[in-house]
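Structure first, commentary second.
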2 protein chains.
Amino acid sequence: MGEERDRRDQILEAAFEEFSAKGFRGATIKSIAEAAGLQSPALIYWYFPDKEALFREVLGSRIPVLRAVRDPARLLERPPEEVLPLIARRYLSTFDNPAAQRMARLLVGEATRRPEIAEIFGNAVIKRMLGFLKSYMARQVELGRLRPHDVRSSARAFIGMLLPQVGGKVFFPAIREDGLTDEEHVENAVGMLLEGLRPEGKQGWTP
Amino acid sequence: MGEERDRRDQILEAAFEEFSAKGFRGATIKSIAEAAGLQSPALIYWYFPDKEALFREVLGSRIPVLRAVRDPARLLERPPEEVLPLIARRYLSTFDNPAAQRMARLLVGEATRRPEIAEIFGNAVIKRMLGFLKSYMARQVELGRLRPHDVRSSARAFIGMLLPQVGGKVFFPAIREDGLTDEEHVENAVGMLLEGLRPEGKQGWTP
């Protein structure tokens with residue numbers, strides 16, 4: 001049992017390295033098996049039906065923000081002034097890791113050239129994040145903690161407002177020239193969003 | 001005079017076509033001169049010092065949202081509940097144009113592979129938009145129309161909250177599966193931002 005777990009982890013680790021060095025297309029089941037020190041690529045299929053499933057699992061287990069949202073039940077009941085800054089920080093700090101930066105560059109590059117890779121990436125990352133946020137926002141509205149609103153829009157707004165800060169780390173260093181730190185941005189942008197979605201009659205968010 | 005203006009427009013038109021068909025790197029002064037029907041590429045240098053300057057001018061003149069912000073004085077005094085939805089709509093509708101979509105795909109792809117192209121693109125598009133928004137937000141705070149806040153953060157948040165909607169048009173169609181229209185998103189997301197930045201004591205934004 002422990003050995004099986006180890007082997008699965010070993011495959012995920014090797015796959016993360018391969019995907020971040022070569023992109024989705026460049027990394028193959030064969031090259032991942034080699035990097036994991038397996039005798040045969042067939043062993044990978046014991047754990048994962050195909051490369052896309054392996055990719056999804058790599059992201060879901062190695063990227064802190066995706067790990068946080070894969071078990072929504074844990075977060076769903078906690079209040080937005082706690083959960084949203086937490087997710088924002090995990091999301092931004094993901095891109096301080098050079099391997100994650102490299103992977104983001106490669107995957108976005110591939111997605112611009114190949115619709116099938118855009119779809120895989122879109123499903124594994126973007127739909128997962130947006131899906132979690134829509135459920136989370138809807139639950140907070142239900143609990144009376146946020147005012148009624150279109151959660152498709154607030155989910156996009158939340159993810160999106162952080163993107164220029166990610167862009168500054170991964171693609172466009174010029175964005176960072178004004179010196180805004182992640183912590184300042186989380187505080188200001190998430191604060192603005194909470195303020196903008198505050199239920200009528202409810203006083204400020206400060207504890 | 002009229003003839004000079006015509007020729008300059010002709011170059012810009014041809015350059016737009018070339019950049020959107022071939023990306024920044026693929027389009028050359030030579031290929032642009034040919035597409036514009038000029039006898040010699042040297043004629044382009046009469047109007048533009050280099051390819052980067054031509055590129056900046058193409059974007060600034062052909063992309064509606066960049067055209068709108070190139071003369072900030074006109075917008076600076078107008079209220080946020082008018083200006084922000086206007087810019088948001090222009091920005092989103094830009095990507096309904098197939099040539100602009102293609103150009104965005106090519107340029108983002110190039111930017112992921114080449115830092116020097118990321119820098120050119122970052123300066124020509126992202127810094128220009130963020131720069132305008134920071135000035136605009138700061139002026140609105142000065143006028144007491146928005147509460148005091150970090151404008152580096154609200155500028156990023158505004159641009160960013162629209163990005164997933166752009167992403168759905170250009171890169172990741174999966175995002176659009178929930179059916180949120182541009183108009184709904186502008187109304188909801190910009191409404192939330194205005195609400196979140198409303199000066200203390202000021203009543204709702206509705207006219």
Side-chain angles (χ1 to χ4, degrees), chain A residues 104-113 115 118-119 121-123 125-127 129-131 134 147 149-168 170-175 177-180 184-198 200, chain B residues 104-113 115 118-119 121-123 125-127 129-131 134 147 149-168 170-175 177-180 184-198 204:
Chain A
R105 252 179 241 122
L106 287 169
L107 290 172
V108 171
E110 286 180 290
T112 63
R113 292 189 299 279
E119 202 189 327
F121 184 66
N123 287 331
V125 179
I126 305 174
K127 274 182 81 176
M129 282 298 296
L130 284 177
K134 287 180 219 173
R147 68 171 164 83
H149 68 277
D150 191 327
V151 299
R152 297 172 302 175
S153 200
S154 60
R156 282 168 169 76
F158 174 77
I159 291 281
M161 59 179 29
L162 303 169
L163 279 178
Q165 199 71 358
V166 173
V170 180
F171 300 108
F172 305 110
I175 295 177
E177 282 166 18
D178 64 11
L180 185 73
E184 287 167 332
H185 189 50
V186 169
E187 199 174 304
N188 277 281
V190 177
M192 188 186 75
L193 182 141
L194 287 170
E195 196 56 38
L197 294 178
R198 190 155 57 142
E200 230 175 310
Chain B
R105 252 178 242 123
L106 287 168
L107 290 172
V108 171
E110 287 181 290
T112 63
R113 291 189 300 279
E119 201 188 330
F121 184 66
N123 287 332
V125 179
I126 304 174
K127 273 181 84 175
M129 282 297 297
L130 283 177
K134 287 181 218 173
R147 69 171 164 83
H149 67 276
D150 191 326
V151 299
R152 296 172 303 174
S153 200
S154 61
R156 280 167 171 78
F158 174 77
I159 292 279
M161 60 179 29
L162 304 169
L163 279 178
Q165 199 70 0
V166 173
V170 181
F171 300 109
F172 305 110
I175 295 176
E177 283 165 17
D178 65 11
L180 184 74
E184 288 168 331
H185 189 50
V186 168
E187 199 174 304
N188 278 281
V190 177
M192 188 187 74
L193 183 141
L194 287 170
E195 197 55 41
L197 294 178
R198 190 155 58 138

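Naming convention: chains lettered A, B, ... in sequence-line order (proteins, then strands); numbering from 1 in each chain. FYI, side chains are in, hydrogens and waters are out, and symmetry mates aren't considered; it's all heavy atoms of this structure.
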Report task. For B/Ser153 and A/Asn188, work out which heavy atoms get closest and say how close. Result -> OG-CB, 3.1 Å
Query raised in the report: What heavy-atom pair brings A/Asp178 and B/Arg152 nearest, and what distance separates the two atoms?
Result: O-NH1, 2.8 Å
Query raised in the report: Which bit of B/Arg113 comes within less than 4.5 Å of chain A, counting heavy atoms only: side chain, backbone, both or neither?
Result: side chain
Query raised in the report: Given the options B/Arg156, B/Met192, B/Met161, B/Arg105, which has more heavy-atom pairs under 4.5 Å with chain A than any of the others?
Result: B/Arg156
Query raised in the report: Which one, A/Gly109, A/Ala111, A/Ala104, leads in non-hydrogen pairs under 4.5 Å with chain B?
Result: A/Gly109
Query raised in the report: So which of B/His185, B/Glu119, B/His149 has the biggest tally of heavy-atom pairs under 4.5 Å with chain A?
Result: B/His185
Report summary line: Scored by heavy-atom pairs under 4.5 Å with chain B, the best of A/Pro173, A/Ala174, A/Ser154, A/Pro115 is A/Ala174
Requested in this report: Please state whether the side chain, the backbone, both or neither of A/Asn123 comes within less than 4.5 Å of a heavy atom of chain B.
Outcome: side chain
Report summary line: If you tally heavy-atom pairs under 4.5 Å between each of A/Val170, A/Leu163, A/Asp150 and chain B, the highest tally belongs to A/Asp150
Query raised in the report: Under a 4.5 Å heavy-atom cut-off, does chain B meet the side chain of A/Ile126, its backbone, both or neither?
Result: side chain
**Report entry** Contact origin within B/Ile175 toward chain A - heavy atom pairs under 4.5 Å
**Finding:** both
**Report entry** Top of B/Ala189, B/Gly122, B/Ala118 for chain A proximity - count of heavy-atom pairs under 4.5 angstrom
**Finding:** B/Ala118
Query - A/Glu177 portion near chain B, given a 4.5 angstrom heavy-atom threshold - result: side chain
Report summary line: Heaviest contributor of heavy-atom pairs below 4.5 Å to chain A, chosen from B/Lys127, B/Glu184, B/Gln165, is B/Lys127
